[in-house]
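For clarity, every value in this text was computed on a predicted model and none was experimentally measured. In what follows, chains are A, B, ... by sequence order, proteins preceding strands, each numbered from 1. These values consider heavy atoms only, across backbone and side chains, with no hydrogens, waters or symmetry-generated copies.
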There are 2 protein chains.
Amino acid sequence: MDSRQDTDSGKGSQRTRWKQDPEGVRANILAVALKEFSEHGLSGARIDEIAAKTRTSKRMIYYYFGDKEGLYQKVLEETYRHVRDGEKELNLEDLSPVDALRQLVEFTFEHHRRNPDFIRLVMIENIHNGDYLKKSELIRQLNQTAISRIEAIYKKGVETGHFRKGIAPVAIHWEISALSFFNVSNRMTFSQIFGDDLFDDKGQLELRRQIADSVIRFVSSETVA
Amino acid sequence: MDSRQDTDSGKGSQRTRWKQDPEGVRANILAVALKEFSEHGLSGARIDEIAAKTRTSKRMIYYYFGDKEGLYQKVLEETYRHVRDGEKELNLEDLSPVDALRQLVEFTFEHHRRNPDFIRLVMIENIHNGDYLKKSELIRQLNQTAISRIEAIYKKGVETGHFRKGIAPVAIHWEISALSFFNVSNRMTFSQIFGDDLFDDKGQLELRRQIADSVIRFVSSETVA
DNA sequence: ATCACATTTAACCAATCGGTACAAAGTGGT
DNA sequence: ACCACTTTGTACCGATTGGTTAAATGTGAT
């Protein structure tokens with residue numbers, strides 16, 4: 001009834017040669033899973049499909065990640081970490097507050113644009129009410145740096161008189177995030193309805209400048225009606 | 001082997017009384033489906049679950065909508081229409097450009113906030129690359145009004161000298177949408193990481209004012225460094 | 001040499017799920 | 001009275017899919 005053992009009990013039945021590389025295998029699975037999850041969502045992604053695109057097998061996914069949700073959870077954490085790591089290459093201390101802020105906005109804009117998988121994963125996580133983010137201890141810490149970077153620029157700007165008082169750094173971060181995030185997250189529906197002039201190279205360049213202007217005007221000390 | 005016909009072939013086998021109400025049934029299905037799709041996504045939503053929460057049966061879903069994708073498609077269209085209808089109650093002609101713009105932003109902000117199901121559906125549609133929106137003839141028309149409303153305000157503002165020249169109305173719309181949309185779409189992950197001060201009643205009031213200020217500053221003629 | 005761990009392979013399973021078949025009958029406009 | 005359309009009810013099906021079983025064997029550090 002069960003002839004499985006026969007398969008290997010023949011003469012040669014040569015097992016392929018392989019090297020141990022737990023970290024490599026894990027990383028490979030996570031990379032493939034990120035793509036699949038970000039394209040199809042948690043329920044839409046297929047474990048078999050992920051396995052097929054991996055250099056290893058479905059069995060190993062369960063070996064390392066337990067189940068689908070465990071895999072998704074780890075993908076989420078890993079992706080946040082990776083993206084936040086990418087933000088560290090930013091040196092703004094020598095610039096004037098206005099220039100520093102402009103640099104930060106433009107950097108964030110480009111950064112989001114270059115990481116659509118991450119954006120989509122965040123969208124998906126929001127659809128799941130952030131349930132898997134909640135479970136992760138890891139992530140909260142990663143983001144204090146974002147706020148303190150802004151705080152440093154903002155304080156300096158207030159001192160030099162270029163920025164007005166009374167704005168919370170987190171509010172500035174919110175604004176920068178919103179404008180940079182929306183550009184990627186809603187690209188498909190927005191361009192579908194309003195045309196895609198905003199999304200070709202020229203449009204994106206103008207848009208980047210626009211939102212940098214917008215954020216600077218937002219914190220500027222010059223009063224507005 | 002098949003005893004189905006027995007079930008009804010007995011003596012009484014009283015069928016319940018009912019009224020014809022095709023539109024009502026359709027509307028009921030669409031309402032339930034909107035909730036399910038917006039909560040679980042296209043692949044995550046379950047037809048059986050939708051059917052169960054309906055006042056009618058699974059059979060009728062297929063009778064009216066063909067298949068799951070057909071249902072999703074109609075939900076998408078219906079929801080866009082409903083939301084755009086809600087935007088018509090806006091009368092801004094008598095106001096000054098600045099006041100009109102502020103009104104428009106605050107209205108949009110509240111409007112999005114009151115329609116989280118719609119926001120989530122748009123997120124989901126973006127995850128599907130806007131494929132189902134593409135198939136819909138209906139939707140493109142609904143949105144020209146949004147642009148022309150802004151154009152009217154903007155033109156007037158330029159004439160009165162309050163607004164600077166050279167901004168595309170669609171760019172203003174983009175900015176308003178981005179800030180209002182992000183507030184709902186990314187609420188879960190943002191509050192998870194940065195706290196939920198921005199999302200209680202007080203925080204939302206301040207945020208609404210903040211983004212109105214931000215948009216007004218963006219179009220304002222007063223120059224900024 | 002030992003031993004815990006990593007890897008391979010492929011069949012298999014139970015549950016879920018989208019979608020149908022079938023049959024009967026009520027409704028309402030003409 | 002007719003007849004197209006609408007509704008009810010339920011069993012059923014085939015495919016998909018997350019997850020498991022099984023056993024054998026390679027690897028590499030000690």
Here the gap from Glu23(B) atom CD to Leu30(B) atom CG, rounded to the nearest 0.5 Å, amounts to 9.5 Å
Under a 4.0 Å heavy-atom cutoff, the residues of residues 42-72 of chain A touching DNA chain C are Thr56(A), Ser57(A), Arg59(A), Met60(A), Tyr63(A), Tyr64(A)
The reported gap from NE2 in His128(B) to CE in Met188(A) (rounded to nearest 0.5 angstrom) is 12.5 Å
When rounded to the nearest 0.5 Å, the distance separating CD of Glu78(A) from CG of Leu71(A) is 11.5 Å
> Looking at side-chain heavy atoms only, is the closest gap between Leu76(B) and Tyr80(B) below 4.5 Å?
Replying inline: yes
Notebook entry, point to check: Would Glu175(A) and Gln210(B) count as having a side-chain donor-acceptor pair, cut-off 3.5 Å?
Noted result: yes
note: Gln20(B), atom CD; dT6(D), atom C1'; distance rounded to Å ~ 5 Å
Ordered by number, residues from residues 21-33 of chain A within less than 4.0 Å of DNA chain C (heavy atoms) are Asp21(A), Pro22(A), Val25(A)
Side-chain (Tyr154(A)) to main-chain (Ile172(A)) donor-acceptor, under 3.5 angstrom
no
- Task: Say whether Tyr72(A) and Glu36(A), considering side chains only, have a donor N or O and an acceptor N or O under 3.5 Å apart.
- Result: no
Taken to the nearest 0.5 Å, the spacing of Asn129(A) CG from Glu39(B) CD works out to 8.0 Å
